[in-house]
Amino acid sequence: MFALLIAAAIVSPIPAATCAAADPAVTSVTSQLLKKRGANDHYVITATLANIGAQSQTPDITQRVELVLDGAVLAPQIVPALGRGVSYKVAFAVDRPAGQRAAPLTVTIRYVLASGDPAFNACNRSNDEITKTF
């Protein structure tokens with residue numbers, strides 16, 4: 001039901017640094033709904049993780065972005081160490097019965113630093129997730 005669709009690294013303008021080290025932040029979450037008559041609705045949830053800190057992350061870390069739906073972590077995706085000002089896009093596929101179309105779809109996209117020193121690689125934890133309703 002959930003699958004990795006797209007993962008691409010892009011360079012973006014560097015926003016104002018929030019701390020002196022690396023600071024990965026979930027900066028956007030969007031959704032596209034594809035409706036099919038007589039079939040499940042297919043959502044493509046796209047998120048951007050950006051290092052908005054003043055430094056690059058160290059290359060020895062492990063980290064991921066997770067889609068959380070109804071309290072369950074689904075489709076975690078590994079993300080490489082991010083240089084200063086670098087963004088990384090991930091996309092998730094979510095299928096829902098068409099009968100649930102009237103009910104809102106609420107998802108959380110969460111950044112997780114699995115290993116590595118957070119003081120150097122994720123210095124501001126307040127921007128690690130976004131919850132959005134579509």
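Not measured: the values here are computed from a predicted model. The first residue of the sequence shown is numbered 1, and numbering continues consecutively from there.
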Do V65 and L74 belong together in a cluster built from hydrophobic side chains that touch within less than 4.5 Å?
yes

Please answer: with hydrophobic residues joined when any side-chain heavy atoms are less than 4.5 Å apart, are L82 and F120 in the same cluster?
no

Short question: side chain of Q55, backbone of D23 - any donor-acceptor pair under 3.5 Å?
no

Checking the side chain of Q63 only, and the main-chain atoms of V112 only, is there a donor and an acceptor separated by less than 3.5 Å?
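Here the side-chain-to-backbone pair does not exist.
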
Taking only residues at least two apart or on different chains, which pairs with a member in residues 58-72 satisfy salt bridge (Lys or Arg N to Asp or Glu O under 4.0 Å)?
R64-E66, E66-R110

Considering only residues two or more places apart or on different chains, which pairs with a residue in residues 119-134 satisfy salt bridge (Lys or Arg N to Asp or Glu O under 4.0 Å)?
R125-D128

Using distance only, find each side-chain donor-acceptor pair of residues 27-37 under 3.5 Å and give its atom names and separation, not counting sequence neighbours.
from, atom 1, to, atom 2, distance (Å)
T27, OG1, T48, O, 3.4
S28, OG, T48, OG1, 3.2

If you group Ile, Leu, Val, Met, Phe, Trp and Tyr whenever their side-chain heavy atoms sit less than 4.5 Å apart, what else falls in with V68?
V73

Closest non-hydrogen atom pair, [X] against [Y]:
X    : Y   : value
A25  : I52 : CB-CD1, 3.8 Å
A50  : S87 : CB-OG, 3.4 Å
A22  : Q57 : CB-CG, 3.5 Å
P59  : A81 : CA-CB, 4.1 Å
S56  : G83 : OG-CA, 3.3 Å
A122 : P24 : CA-CD, 3.7 Å

Can R101 and D41 be counted as an ion pair, charged N to O under 4.0 angstrom?
yes

Between CG of L113 and CG of N121, what distance do you get to the nearest 0.5 Å?
6.0 Å

[Y] and [X], any side-chain heavy atoms less than 4.5 Å apart:
X    : Y    : value
L67  : T108 : no
V79  : Y111 : no
L105 : Y43  : yes
F134 : P104 : no
V94  : I45  : yes

Once side-chain contact (heavy atoms from CB on, under 4.5 Å) is applied, do any residues pair with [X], and if so which ones, sequence neighbours excluded?
X    : result
P97  : N40, Q100
A119 : D117
S115 : T62

